[in-house]
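Inspection log for the structure reproduced underneath, given as structure tokens.
Per chain, numbering begins at 1; letters A, B, ... match sequence-line order.
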Amino acid sequence: GQNIDQPTEMTATEGAIVQINCTYQTSGFNGLFWYQQHAGEAPTFLSYNVLDGLEEKGRFSSFLSRSKGYSYLLLKELQMKDSASYLCAVRALTGGGNKLTFGTGTQLKVEL
Amino acid sequence: GAVVSQHPSWVICKSGTSVKIECRSLDFQATTMFWYRQFPKQSLMLMATSNEGSKATYEQGVEKDKFLINHASLTLSTLTVTSAHPEDSSFYICSASSTGQGYQETQYFGPGTRLLVL
């Protein structure tokens, strides 16, 4: 099976930088995804890592270390609209194809 | 690109009735569609995976006779909650992925359907 851990809640200040960590244990690792989910809405795709290293996309960056089973999502220049739940999801080759297992999500609150 | 729609967005029904939810990929052909359920303040739980033209694969603990999935085309999958009961009230979300170039088999989510069974 798979085990994914991420902090339940985080608070940060508008304009600051926040890093949301995710650790995972899985066999047949085949990619890690980050999604943003606002309350009452469906998740929206933020980033995808399958190789070690940093992927940068505007204010959002995601890092992966496969040997450590570790990823983080970095959000820069925080805005109030970034207040949302951030979901870490792992894809594994075992269990069939493109299936994702989601962490419980990190609820980020951005304050003035 | 990669837009997924769901219909209806909200449904309220009486206990014992059946509810059908549609999931459509609007601008790409989805080789695989997924159905998730999410209870308040919890993460997404995968219910089943469906590939066009074949039977859905259900996750452990999900009753396939209660949650009927049909994936008749590369752009449409339906989930029917049969004989719905109040404990089936939840947020149902579909996602679609494609093995086509540029999609990296990323799952793109629909806007979700909120089901309330009275």
Side-chain angles (χ1 to χ4, degrees), chain A residues 1-9 20 22-24 26 28-51 55 57 60 62 64 83-109, chain B residues 1-7 9-10 21 23 28 30-52 54-62 90-100 102-116:
Chain A
Q2 296 166 16
N3 190 33
I4 302 172
D5 287 312
Q6 50 181 131
T8 306
E9 293 178 337
I20 302 174
C22 172
T23 58
Y24 64 89
T26 188
F29 176 82
N30 190 30
L32 187 142
F33 296 78
W34 284 95
Y35 287 86
Q36 179 192 61
Q37 186 179 25
H38 285 98
E41 299 179 12
T44 54
F45 169 71
L46 289 178
S47 69
Y48 165 72
N49 296 70
V50 68
L51 299 176
E55 293 283 341
K57 196 186 288 187
F60 296 81
S62 58
L64 175 67
S83 294
S85 182
Y86 290 86
L87 306 173
C88 171
V90 172
R91 182 171 66 194
L93 289 171
T94 55
N98 195 16
K99 195 164 69 171
L100 293 180
T101 300
F102 283 83
T104 53
T106 298
Q107 188 66 44
L108 173 66
K109 183 178 179 182
Chain B
V3 179
V4 178
S5 70
Q6 253 182 269
H7 178 80
S9 54
W10 255 106
I21 303 170
C23 177
F28 68 103
T31 47
T32 309
M33 287 185 168
F34 303 83
W35 287 96
Y36 294 84
R37 182 165 53 179
Q38 186 176 35
F39 292 105
K41 297 192 177 181
Q42 295 185 24
S43 192
L44 282 76
M45 296 300 294
L46 180 65
M47 299 175 67
T49 303
S50 76
N51 293 290
E52 184 262 341
S54 60
K55 288 184 179 179
T57 302
Y58 290 81
E59 294 300 299
Q60 195 171 9
V62 178
S90 188
F91 190 41
Y92 291 85
I93 311 173
C94 74
S95 71
S97 70
S98 173
T99 53
Y103 289 98
Q104 299 172 326
E105 296 191 29
T106 298
Q107 289 187 30
Y108 295 94
F109 286 84
T113 296
R114 199 162 294 282
L115 171 64
L116 177 61

Please tell me if the side chains of [X] and [Y] come closer than 4.5 Å, counting only heavy atoms from C-beta onward.
{"X": "A:K99", "Y": "B:L46", "value": "yes"}
{"X": "B:I93", "Y": "A:Q37", "value": "yes"}
{"X": "B:F109", "Y": "A:T44", "value": "no"}

Kindly compute the distance separating [atom1] ([X]) from [atom2] ([Y]), expressed to the nearest 0.5 Å.
{"X": "B:Q38", "Y": "A:S85", "atom1": "CD", "atom2": "OG", "answer": "7.5 Å"}
{"X": "B:L44", "Y": "A:T101", "atom1": "CG", "atom2": "OG1", "answer": "11.0 Å"}
{"X": "B:T106", "Y": "A:Y48", "atom1": "OG1", "atom2": "OH", "answer": "7.0 Å"}

Checklist entry - With sequence neighbours excluded, what pairs up with A:Y86 under the ring-ring contact (aromatic ring centres under 6.0 Å, His included) test? => result none
Checklist outcome for this item: Taken in chain and number order and not counting sequence neighbours, the residues that satisfy side chain to side chain donor-acceptor pair (under 3.5 Å) with B:T113 are B:Q6
Checklist entry - Which heavy-atom pair separates A:A42 from B:G112 by the least distance, and what is that distance? => result CB-N, 4.3 Å
Next on the checklist: Which one wins on heavy-atom pair count under 4.5 Å against chain B: A:G105, A:A39, A:G40?
Outcome noted: A:G40
Checklist entry - Checking B:S43 side chain against A:G103 main chain: does a donor-acceptor pair fall under 3.5 Å? => result yes
Next on the checklist: Go through it in stages, so that I can follow the logic: the residues are A:Y35 and B:Q107, the test is side chain to side chain contact (heavy atoms under 4.5 Å, CB included), and I'd like the CA-CA distance, side-chain angles, deciding distance and then a yes or no.
Outcome noted: CA-CA 10 Å; A:Y35 287 86; B:Q107 289 187 30; 3.6 Å; yes
Checklist entry - Within a radius of less than 6.0 Å around NE2 of B:H7, do more than 12 heavy atoms belonging to other residues, nucleotides or ligands occur? => result no
Item to check | Check: B:Y36 ring centre within less than 6.0 Å of A:F102 ring centre | outcome: yes
Checklist entry - Given that the side chain runs from C-beta out, which part of A:L87 has a heavy atom under 4.5 Å from chain B: side chain, backbone, both or neither? => result side chain
